[in-house]
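Just below is one structure, and these are the notes that go with it.
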Amino acid sequence: MTITDIQAGQSLPELAVPITASAIVAGAIATDDFEDVHHDKAAAQGKGVPDIFMNILTTNGFVQRYVSDWCGSAARIAAVDIKLGAPNFVGDTMTFTGEVAQVEGSRVAVKVRGRNRIGDHVVATVNLDFGSAQ
Amino acid sequence: METLLDKARAWVGKAANAPTTARDPVNLPMIRRWCEAMGDTNPIYTDEAAAKAAGHPGIVAPPAMLDVWTMAPYRPGGRTAEQGFEVLNLFDEAGYGGVVATNVTQEYGRYLRLGDLVTMSTLVSDVSDEKKTGLGTGHFVTLAYEFTNQDGEFLGRETFRVLKFKPNIPDTKPQSDTKEKSDGTPEFPHPRPAITHDNAFYWEGLNQRKLLFQSCEGRLRHPPGPMDPVSGSLDFEIVEASGRGTIHSFVVMHQPRLPGFEYPLPVVLVELEEGVRIVANMIDAKPEDVEIGRAVMADFVEVEPDYVLPAFRFA
């Protein structure tokens with residue numbers, strides 16, 4: 001994909017991410033996040049939540065992977081702005097939707113929303129740069 | 001007098017803790033594991049030729065891994081106090097024990113390359129006034145991180161905003177220690193409920209000698225739950241029941257005999273006049289007098305201070 005293929009208002013294809021215990025734990029370990037609420041159900045319940053839930057670094061990873069799946073390696077990810085909401089608990093599904101919010105020169109802003117059955121898990125803006133990669 | 005907010009705001013603009021340097025340089029095994037966990041198949045993260053074709057000098061790390069390299073090591077039992085932030089510890093000590101991250105921003109200087117050794121420096125950038133939120137009353141604390149490599153080259157920056165709050169959920173007090181009666185037999189604590197976000201209102205109501213139920217579009221429900229079973233709505237109102245009802249069904253417990261209860265114990269399923277059913281113990285009632293259809297009235301039993309259970313007696 002190149003910058004000429006992109007217009008404001010364009011939608012990204014949806015992506016459904018099953019939130020299994022394996023997905024949560026794999027993400028937590030891959031991001032070196034050993035907080036017990038992300039891998040130990042008994043510890044999570046001891047802190048008043050029903051089960052383990054996804055850590056932020058994994059959420060950030062999925063947001064950027066979602067945009068990267070769409071834009072390909074010609075674009076550089078320049079910045080991300082993430083607002084967190086409903087936790088991703090085991091057994092849920094997070095569905096990503098996205099839309100191009102702005103195109104300015106070689107810069108593209110993409111709005112991303114990841115919804116689960118409780119509500120918005122994440123609302124994010126990912127800024128892409130289609131100028132030369134470093 | 002120096003308030004909590006004064007103490008916390010004294011940190012603004014200062015280093016939140018000592019800079020942290022990654023234990024390992026940016027490396028392919030960690031990148032590969034990250035890509036597998038996220039399902040990210042972008043070849044520039046694992047394939048030299050693909051990375052060069054995209055204009056990078058070689059394999060690069062996914063930008064979202066910026067703050068992964070300096071994460072604290074696994075330690076049985078959790079982090080040490082030194083790995084935390086003193087500005088956040090201030091809130092813990094003042095009773096704002098809850099923590100939830102609300103916002104993260106990252107801005108990348110350049111893509112990280114294999115061999116970059118990342119150092120993270122953290123500043124406290126903001127402490128908000130006290131705010132009332134859905135989770136509880138608390139303060140938003142914003143931390144600003146800057147990432148550099150072994151040559152002092154700027155790699156990126158991040159802001160991280162957390163809410164330190166006093167949970168709305170009442171504290172579930174630990175069970176009282178096992179005591180001994182004068183005759184030497186142990187006296188066990190009464191079983192306690194598990195109090196969660198969903199049912200906290202119910203137990204708080206009981207403490208005020210009120211029988212409260214969730215209502216959605218006029219439908220009452222019990223026991224407390226997050227969702228209306230008909231509409232699927234997560235919204236609900238809380239309504240107080242009159243306490244008047246009739247016995248819909250009952251059992252008389254003989255065995256097993258749990259400490260803290262009188263046996264034989266009549267346990268009733270009461271249909272309240274509002275149409276919702278609730279299970280509770282009968283009090284001041286002989287088991288042989290309990291019968292289906294008989295009118296009852298709610299009462300409250302204080303098992304221990306601040307631990308109240310509903311009960312019914314004959315109307």
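Keep in mind that this is a model prediction, so the values were computed, not measured. Each chain gets a letter, A, B and so on, in the order its sequence line appears, and its residues count up from 1.
Closest approach of B/Leu88 and B/Lys164 over heavy atoms only: O-CE, 3.8 Å.
The closest side-chain donor-acceptor pair between B/Ser125 and B/Thr142, if any, does not fall under 3.5 angstrom.
Residue contact with chain A, scored on non-hydrogen atoms closer than 4.5 Å, involves the backbone and the side chain of B/Pro63 alike. Interface remark: A/Gln45 contributes no atoms to any contact with chain B (heavy atom separation under 4.5 Å). Contact annotation for A/Ala23: neither backbone nor side-chain heavy atoms come within less than 4.5 Å of a heavy atom of chain B. In this structure, the portions of A/Ile77 lying under 4.5 Å from any heavy atom of chain B include both its backbone and its side chain.
If you tally non-hydrogen atom pairs under 4.5 Å between each of A/Ala28, A/Ala30, A/Pro50 and chain B, the highest count goes to A/Ala30. Each of A/Asp36, A/Asn127, A/Thr58 has some count of heavy-atom pairs under 4.5 Å with chain B, and the biggest count is that of A/Thr58. The greatest number of non-hydrogen atom pairs below 4.5 Å with chain B, out of A/Val63, A/Thr31, A/Val25, is found for A/Thr31. For the options B/Thr159, B/Leu66, B/Val104, heavy-atom pairs under 4.5 Å to chain A are most numerous at B/Val104.
Salt bridge absent: A/Lys111 and A/Glu99 never bring a charged side-chain N and a carboxylate O closer than 4.0 Å. Ionic pairing of B/Glu36 and B/Arg32 is not present here: no N-O contact between side-chain nitrogen and carboxylate oxygen is shorter than 4.0 angstrom.
Not a single donor-acceptor pair under 3.5 Å links the side chain of B/Asn17 to the backbone N or O of B/Thr122.
Looking only at side-chain heavy atoms (C-beta outward), B/Asp228 and B/Phe236 stay at 4.5 Å or farther from each other.
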